[in-house]
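See structure below.
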Amino acid sequence: MKKIVIIGANHAGTAAINTILDNYKDCEVTVFDGNSNISFLGCGMALWIGDQISGSDGLFYSSKEAMENKGAEVYMETPVGNIDFDKKLVSATTKEGTTVTKEYDRLILATGSLPIKPSIDGMDLDNVQFVKLFQNAQEVIDKLKVHEDIKHVTIVGAGYIGVELAEAFKRKGKEVRLIDVANTSLSGYYDPEFTDLMDENLRSHDIELRYGETVTKIEGNGKVERVVTDKGSYETEMVVMAIGFKPNNLLGKDHLKLFANGAYEVNKSQMTSDSDVYAIGDCATVYDNAIQDVNYIALATNAVRSGIVAAHNACGTPLESAGVQGSNGIRIWNMNMVSTGLSLTKALKHGFNAAATDFEDLQKPAFIEEDNEKVKIRIVYDLDTRRILGAQLASNYDISMGIHMFSLAIQEKLTIDKLKLLDIFFLPHFNQPYNYITMAALQAK
Ligand SMILES: Cc1cc2nc3c(=O)[nH]c(=O)nc-3n(C[C@H](O)[C@H](O)[C@H](O)COP(=O)(O)OP(=O)(O)OC[C@H]3O[C@@H](n4cnc5c(N)ncnc54)[C@H](O)[C@@H]3O)c2cc1C
Ligand SMILES: NC(=O)c1ccc[n+]([C@@H]2O[C@H](COP(=O)([O-])OP(=O)(O)OC[C@H]3O[C@@H](n4cnc5c(N)ncnc54)[C@H](O)[C@@H]3O)[C@@H](O)[C@H]2O)c1
């Protein structure tokens with residue numbers, strides 16, 4: 001029996017565990033997780049806080065029991081404290097204080113990421129919240145229920161989590177302020193032509209936007225009373241920190257090769273610099289097809305795919321990841337935005353001789369008078385190689401499926417010219433004969 005130990009049983013770990021248990025009967029699987037729950041979908045946190053779903057039950061898709069039923073030995077609330085990589089031993093302490101030591105043939109690290117905590121004064125005040133775990137969301141919801149005096153919430157970080165939570169707190173009837181060091185929301189994913197639309201959307205729902213400001217301290221008397229930035233001081237009763245994640249590399253940082261931000265560097269088989277150790281999900285790097293190099297992109301989708309790849313390799317079936325494009329999407333009130341690959345801003349920063357081609361039109365012919373919304377598209381490409389580097393779409397219409405084609409285009413190194421005469425079907429219920437993808441591609445220089 002091959003002994004496989006998996007540390008971390010959230011999205012990446014769960015995908016690896018299920019892949020092994022479903023496909024390889026000759027493996028002995030031991031799982032450790034420091035938390036009390038498995039597979040919490042953080043993407044549902046804003047929906048839960050904003051009362052758009054009835055509760056948190058549907059936000060889990062696996063459990064200790066489900067894994068045990070398939071044959072795994074699962075230790076919950078049992079953080080691994082040490083790995084002896086030479087002797088191939090993992091040691092963890094259970095909630096009751098017992099030490100469990102397990103030997104492995106192959107180890108899969110799925111320890112995820114931790115929220116970035118700025119070192120500023122006031123972080124330990126009451127009502128300074130982080131939003132990563134199920135327990136974090138539960139705490140926010142409980143506080144809003146119990147403390148009716150929390151009328152104003154300040155969110156630091158206008159990335160994906162911050163923007164989604166701004167809507168959620170507004171739906172809860174709170175006054176909301178969003179602070180970011182960047183000059184727009186979602187600056188890591190979209191160009192200003194798109195983020196301007198989102199910011200207009202946020203402003204029109206009375207979200208106070210404070211961009212280009214850095215929080216220097218949080219003040220209060222036991223609990224939060226105000227946030228102070230390099231440009232002003234603002235009264236508030238709750239501060240939510242959402243300024244990104246850092247890879248959780250505590251267990252392997254002194255043994256394994258690390259990427260610039262500390263993530264475990266892996267090859268396309270998810271193998272680390274130690275050939276018996278794999279790393280998956282938010283604690284590991286990805287191969288980014290847009291820049292054609294190793295990168296760090298923390299997404300649940302990457303976590304799941306990397307878990308499947310590592311599981312097969314750890315069990316002896318060679319399988320390589322196709323790489324990723326960082327495809328992502330967001331819906332705030334009725335506005336949908338999706339992107340993949342590089343924005344023009346990012347492409348230029350990466351040194352590409354990049355250009356963008358834009359088009360805006362109705363989704364369907366103008367004679368369709370109902371359920372027909374404007375769509376804005378940008379395709380980013382390399383003027384030297386003609387390779388498609390990224391795409392962005394925005395609309396009140398659900399254009400989410402459109403981005404997958406661009407994801408594949410980037411993965412397969414397609415040129416912008418190949419898109420120009422692509423066979424795209426037409427039916428007035430869906431789109432236009434001169435549809436915006438064709439039109440944007442035809443206009444490329
Ligand atoms: C609010 C929010 C919304 C999000 N929305 C989306 C979305 O819409 N789409 C999307 O693609 N992504 C989204 N993400 C990102 C996504 O949740 C992460 O990319 C994903 O959780 C990564 O999964 P993971 O299993 O690699 O790591 P994690 O989810 O971080 O899990 C790591 C696990 O390892 C365990 N662990 C860590 N150290 C130890 C140890 N020493 N011993 C034992 N166990 C340990 C932890 O307890 C945890 O269970 C969101 C994240 C948040 C917080
Ligand atoms: N819809 C989705 O796909 C979705 C939803 C939520 C989260 N996620 C993923 O989860 C991860 C974490 O999300 P996130 O929103 O925390 O990260 P993020 O990278 O999306 O956003 C972080 C934001 O914080 C800002 N920032 C950084 N340091 C700051 C500081 N000191 N003060 C003020 N602002 C600061 C950045 O400019 C950025 O806008 C990301 O990888 C994200 O893609 C995805």
Side-chain angles (χ1 to χ4, degrees), residues 6-16 31-49 59 75-83 90-93 109-120 130-137 155-165 168 178-189 195 210-216 227 229-230 240-252 263 279-284 296-304 306-307 326-332 337-339:
I6 295 155
I7 308 177
N10 212 28
H11 303 303
T14 298
V31 179
F32 293 101
D33 200 296
N35 204 344
S36 52
N37 60 68
I38 282 176
S39 76
F40 173 59
L41 287 163
C43 58
M45 190 181 286
L47 297 172
W48 183 24
I49 291 176
L59 299 179
Y75 294 90
M76 295 304 296
E77 298 181 78
T78 308
V80 171
N82 181 58
I83 303 168
V90 168
S91 302
T93 310
L109 296 171
T111 50
S113 54
L114 302 166
I116 296 172
K117 295 189 181 179
S119 2
I120 53 172
F130 284 90
V131 276
K132 162 88 185 166
L133 306 175
F134 165 74
Q135 291 91 333
N136 299 146
I155 302 164
V156 185
Y160 263 153
I161 294 179
V163 170
E164 286 175 353
L165 286 178
L178 198 49
I179 301 179
D180 202 295
V181 286
N183 290 321
T184 67
S185 63
L186 306 178
S187 60
Y189 309 90
T195 56
R210 295 278 169 189
Y211 294 151
E213 297 196 27
T214 305
V215 175
T216 51
V227 281
T229 74
D230 53 347
V240 177
M241 300 299 305
I243 61 170
F245 294 168
K246 61 172 187 198
N248 177 2
N249 64 9
L250 287 175
L251 293 171
I280 56 179
D282 280 8
C283 68
Y296 182 74
I297 306 177
L299 283 173
T301 46
N302 294 343
V304 169
S306 62
S327 304
N328 60 81
I330 190 165
R331 177 180 172 88
I332 298 299
M337 286 187 20
V338 288
S339 81

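FYI, side chains are in, hydrogens and waters are out, and symmetry mates aren't considered; it's all heavy atoms of this structure. Order of appearance sets the numbers: ligands from 1, and atoms from 1 within every ligand.
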Return yes if some donor-acceptor pair links the side-chain N/O of Thr195 with the main-chain N/O of Leu186 below 3.5 Å, else return no.
no

What do you reckon, does Val215 put a non-hydrogen atom under 4.0 Å from ligand 2?
no

Please round to the nearest 0.5 Å and tell me the distance separating atom CG of Asp282 and atom CG of Asn249.
12.5 Å

I'd like to know if Gly188 contacts ligand 2, where contact means a heavy-atom distance under 4.0 Å to any ligand atom.
no

For Val181, is the nearest heavy atom under 4.0 Å from an atom of ligand 2?
yes

Is it true that atom NZ of Lys132 has more than 12 heavy atoms of other residues, nucleotides or ligands lying nearer than 6.0 Å?
yes

Atom OG1 in Thr93, atom OH in Tyr75: separation rounded to 0.5 Å?
12.0 Å

Could you check whether any side-chain N or O of Thr14 sits under 3.5 Å from a backbone N or O of Ala9, counting only pairs where one atom can act as donor and the other as acceptor?
yes

Would you please determine whether Gly329 falls within less than 4.0 Å of ligand 2 on a heavy-atom basis?
yes

Out of curiosity, Phe130 CZ to Ile161 CD1, how far, rounded to the nearest 0.5 Å?
11.5 Å

Heavy-atom nearest neighbour of atom 26 (N) of ligand 2 within options Leu186, Thr229, Ile243, Thr301
Ile243

Quick test: of every protein heavy atom, which one is nearest to atom 17 (O) of ligand 2, and how far off is it to 0.1 Å?
Gly244 CA, 3.5 Å

Pick whichever of Tyr189, Phe130, Tyr211 has a heavy atom sitting closest to atom 18 (P) of ligand 2.
Tyr189

Hey, is ligand 2 close enough to Ile330 that some N/O pair sits below 3.5 Å?
no

Has Val156 got any heavy atom lying under 4.0 angstrom from an atom of ligand 2?
yes

Option whose closest heavy atom lies nearest to atom 13 (O) of ligand 2, chosen from Ile120, Ile161, Ile116:
Ile161

Any N or O on Ser187 sitting closer than 3.5 Å to an N or O of ligand 2?
no

Sub-3.5 Å N/O-N/O distance, Asn328 and ligand 2:
no

Which residues share a side chain to side chain donor-acceptor pair (under 3.5 Å) with Asn136, sequence neighbours left out
none

Any donor-acceptor pair under 3.5 Å linking the side-chain atoms of Asn328 with those of Tyr160?
yes

Which residue holds the protein heavy atom closest to atom 41 (O) of ligand 2, what is that atom called, and what is the gap in Å?
Ala298 O, 2.7 Å

Passing option when Ile120 is tested against Val156, Thr216, Val215, Thr214 for side-chain contact (heavy atoms from CB on, under 4.5 Å):
Val215

Subset of ligand 2 atoms that lie under 4.0 Å from at least one heavy atom of Glu164:
1 (N), 5 (C), 6 (C)

Could you pull out the N/O contacts under 3.5 angstrom between ligand 1 and the surrounding protein atoms?
{"unit_1": "ligand 1", "atom_1": "11 (O)", "unit_2": "Ala300", "atom_2": "N", "d": "2.9"}
{"unit_1": "ligand 1", "atom_1": "12 (N)", "unit_2": "Ala300", "atom_2": "N", "d": "3.1"}
{"unit_1": "ligand 1", "atom_1": "19 (O)", "unit_2": "Asp282", "atom_2": "OD1", "d": "2.9"}
{"unit_1": "ligand 1", "atom_1": "19 (O)", "unit_2": "Asp282", "atom_2": "OD2", "d": "3.2"}
{"unit_1": "ligand 1", "atom_1": "19 (O)", "unit_2": "Leu299", "atom_2": "N", "d": "3.3"}
{"unit_1": "ligand 1", "atom_1": "19 (O)", "unit_2": "Ala300", "atom_2": "N", "d": "3.2"}
{"unit_1": "ligand 1", "atom_1": "25 (O)", "unit_2": "His11", "atom_2": "N", "d": "3.1"}
{"unit_1": "ligand 1", "atom_1": "25 (O)", "unit_2": "Ala12", "atom_2": "N", "d": "2.9"}
{"unit_1": "ligand 1", "atom_1": "26 (O)", "unit_2": "Asp282", "atom_2": "N", "d": "2.9"}
{"unit_1": "ligand 1", "atom_1": "29 (O)", "unit_2": "Asn10", "atom_2": "ND2", "d": "2.7"}
{"unit_1": "ligand 1", "atom_1": "30 (O)", "unit_2": "Ser113", "atom_2": "N", "d": "3.2"}
{"unit_1": "ligand 1", "atom_1": "30 (O)", "unit_2": "Lys132", "atom_2": "NZ", "d": "2.8"}
{"unit_1": "ligand 1", "atom_1": "34 (O)", "unit_2": "Ala110", "atom_2": "O", "d": "3.3"}
{"unit_1": "ligand 1", "atom_1": "38 (N)", "unit_2": "Asn248", "atom_2": "ND2", "d": "3.3"}
{"unit_1": "ligand 1", "atom_1": "41 (N)", "unit_2": "Val80", "atom_2": "O", "d": "3.1"}
{"unit_1": "ligand 1", "atom_1": "42 (N)", "unit_2": "Val80", "atom_2": "N", "d": "2.8"}
{"unit_1": "ligand 1", "atom_1": "44 (N)", "unit_2": "Gly34", "atom_2": "N", "d": "3.0"}
{"unit_1": "ligand 1", "atom_1": "47 (O)", "unit_2": "Asp33", "atom_2": "OD1", "d": "2.6"}
{"unit_1": "ligand 1", "atom_1": "49 (O)", "unit_2": "Asp33", "atom_2": "OD1", "d": "3.2"}
{"unit_1": "ligand 1", "atom_1": "49 (O)", "unit_2": "Asp33", "atom_2": "OD2", "d": "2.7"}

Evaluate the side-chain contact (heavy atoms from CB on, under 4.5 Å) criterion for residues Leu250 and Thr111: first the C-alpha distance (whole Å), next the side-chain angles of each, then the deciding distance (0.1 Å), finally the verdict.
CA-CA 9 Å; Leu250 287 175; Thr111 50; over 6 Å; no

Report the distance from atom OG of Ser36 to atom CG of Leu133, rounding to the nearest 0.5 Å.
9.0 Å

Can you tell me how far apart CD (Gln135) and CG (Asn37) are? Round to the nearest 0.5 Å.
5.0 Å

How long is the gap from OH on Tyr211 to CG on Asp180, to the nearest 0.5 Å?
7.0 Å

For Met76, does its backbone N or O pair with a side-chain atom of Thr78 as donor and acceptor, under 3.5 Å?
yes

For ligand 2, which part of Leu299 has a heavy atom less than 4.0 Å away: the side chain, the backbone, both, or neither?
side chain

Among Asp180, Thr184, Val131, which one has a heavy atom closest to atom 23 (C) of ligand 2?
Asp180

